[in-house]
Amino acid sequence: ASIFKRKRRVTGADGREEVKKSSCYYIDYKDANGVPRRVKGFTDLVATQQRAAELERLAARAEAGLVDPYAEHKKTPLREHVAAFREYLARTKSPRTGRYRTEIHVSKTISRVLRVFDGCQFAFWGDIKHGKVEMFLGENVLDPKTHNHFVTALRMFCNWMVDHERAEKSPLRKLQRIKAKGQKGRRALTPEEVGCLLEATERAPFRYGLSGHERAVLYLLSVETGLRVGELRSLTVSSF
């Protein structure tokens with residue numbers, strides 16, 4: 001096994017490119033079938049070396065037919081795996097943005113995964129079948145963009161299972177997104193539409209812990225400043 005830190009190029013505030021190393025170590029090794037694997041280690045080198053040695057021992061024992069390294073995970077209910085996946089999403093940064101994921105993003109991802117698993121009546125990892133998932137999405141998710149959100153969430157979960165040594169391979173690795181032909185992108189509201197939104201919100205009842213007037217103020221602030229939901233949520237009195 002080989003242990004290393006990932007490197008990536010980033011652009012600094014001065015516009016210069018520099019190479020940064022990941023805070024944690026990674027392990028490259030081959031499993032019992034000779035398939036190259038890469039798993040995330042720890043920030044501590046010694047702990048990562050111990051983990052690498054353990055992975056090599058498991059691979060050697062599995063190759064000799066002494067143990068199935070995934071046996072315990074196969075018997076674990078899917079909902080327990082999904083709960084662990086949720087904790088992982090909430091406590092780690094997104095590789096794409098380099099930022100912590102919002103609670104809304106995490107909740108939506110988990111909700112989509114569970115909706116499909118419950119709809120297909122998948123209880124354990126071995127129950128997951130590519131064909132059943134495709135049929136469920138085709139019958140229950142009509143909007144192409146929403147369909148692709150479901151595909152992304154499901155593939156994220158399955159890839160996480162593989163990356164974290166809970167499964168040998170993803171049963172949904174060939175699940176494809178679909179083309180959203182003719183679908184219009186987002187656009188800015190017209191002044192007239194903004195006015196209608198604010199008037200309707202002012203008259204609306206108490207929702208999400210806020211009165212209609214309070215929500216209208218938030219909408220107006222968002223329109224005037226361009227701040228997004230997460231940025232609005234982070235505002236305090238000192239921000240003004």
Side-chain angles (χ1 to χ4, degrees), residues 1-9 19-98 100-101 106 109-110 112-114 116-117 120-134 151-176:
S2 62
I3 298 172
F4 62 95
K5 284 191 174 185
R6 282 182 172 177
K7 296 179 181 179
R8 62 188 178 93
R9 290 187 175 276
V19 177
K20 281 196 172 183
K21 291 184 179 181
S22 58
S23 59
C24 63
Y25 290 92
Y26 286 81
I27 304 167
D28 275 354
Y29 76 104
K30 290 185 178 180
D31 65 16
N33 298 314
V35 178
R37 302 285 186 185
R38 175 172 294 177
V39 298
K40 191 174 183 179
F42 306 96
T43 54
D44 181 67
L45 176 59
V46 175
T48 304
Q49 289 171 334
Q50 292 173 348
R51 175 61 174 156
E54 179 186 352
L55 290 172
E56 288 188 321
R57 284 196 300 271
L58 284 173
R61 293 183 67 190
E63 186 176 12
L66 298 176
V67 65
D68 178 0
Y70 309 106
E72 286 300 318
H73 296 304
K74 290 177 181 177
K75 294 185 291 184
T76 302
L78 267 178
R79 280 191 166 269
E80 290 188 23
H81 287 307
V82 174
F85 177 54
R86 180 182 190 126
E87 184 179 0
Y88 166 81
L89 291 179
R91 298 179 63 180
T92 60
K93 294 180 180 178
S94 166
R96 184 174 62 84
T97 65
Y100 285 105
R101 303 170 182 87
V106 173
T109 300
I110 298 302
R112 287 163 182 153
V113 171
L114 289 178
V116 174
F117 287 173
C120 294
Q121 297 183 332
F122 297 153
F124 298 93
W125 176 255
D127 297 335
I128 302 175
K129 298 293 184 291
H130 178 276
K132 283 188 176 182
V133 172
E134 277 193 325
V151 171
T152 298
L154 290 163
R155 288 175 57 177
M156 278 180 65
F157 170 73
C158 290
N159 290 339
W160 173 82
M161 288 285 292
V162 174
D163 292 343
H164 288 76
E165 299 295 311
R166 292 174 179 244
E168 183 178 4
K169 61 182 180 180
S170 167
L172 302 181
R173 63 190 180 281
K174 293 184 179 180
L175 188 65
Q176 297 295 319

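We count residues from 1, following the sequence as given. A quick note: this is a predicted structure, and the numbers were derived from the prediction, not measured.
Using the six-membered ring where Trp is involved, F85 and W160 have ring planes that are tilted, between 30° and 60° apart. Below 30°, between 30° and 60°, or above 60°: for F157 and F117 the angle between ring planes is above 60°, a perpendicular geometry.
The heavy-atom pair separating S170 from V162 by the smallest distance is N-CG2, 3.6 Å. Annotation for V106 and R101: closest pair CG2-CB, 3.9 Å, computed over non-hydrogen atoms. The shortest heavy-atom contact between C120 and K132 is SG-O, 3.7 Å. Between A90 and Y100, the closest heavy-atom pair is O-CD2, 4.4 Å. Pairing each heavy atom of L172 with each of V133, the nearest pair is CD2-CG2, 3.9 Å.
Although no hydrogens or angles enter the test, the distance criterion places no donor-acceptor pair under 3.5 Å between the side chain of R6 and the main chain of Y26. Using modelled atom types, no side-chain atom of R8 and backbone atom of K20 make a donor-acceptor pair closer than 3.5 Å. K129 contributes a side-chain N or O that, together with a main-chain N or O of G126, makes up a donor-acceptor pair within less than 3.5 Å.
The closest side-chain heavy-atom distance from L154 to R112 is not below 4.5 Å.
In this structure, I27 CD1 and E56 CD are separated by 9.0 Å, a value rounded to the nearest 0.5 Å. Rounding to the nearest 0.5 Å places CD1 of I128 at 5.0 Å from CG of L78. Separating the CH2 atom in W125 from the SG atom in C158 is a distance of 4.0 Å, to the nearest 0.5 Å. Here H164 contributes atom NE2 and N159 contributes atom CG; the two are 11.5 Å apart, rounded to the nearest 0.5 Å.
The salt bridge (charged side-chain N to carboxylate O under 4.0 Å, His left out) analysis of residues 160-172, with sequence neighbours excluded, yields no pairs. Applying the salt bridge (charged side-chain N to carboxylate O under 4.0 Å, His left out) definition to pairs two or more places apart or across chains, those involving residues 36-54 are D28-R38, D31-R37, R51-E54. Contacts classified as salt bridge (charged side-chain N to carboxylate O under 4.0 Å, His left out) and involving residues 76-95 (residues at least two apart or in different chains) are given here: R79-D118, R86-E103, E87-R91.
Partners of E72 by side chain to side chain donor-acceptor pair (under 3.5 Å), not counting sequence neighbours, listed by chain and number: K75. Checked against ring pair (Phe, Tyr, Trp, His ring centres under 6.0 Å), H130 has no partners two or more places apart in sequence or in another chain. Residues satisfying the side chain to side chain donor-acceptor pair (under 3.5 Å) test with S22, not counting sequence neighbours, are none.
Counting non-hydrogen atoms of other residues, nucleotides and ligands closer than 6.0 Å to NZ of K5 gives a total above 12.
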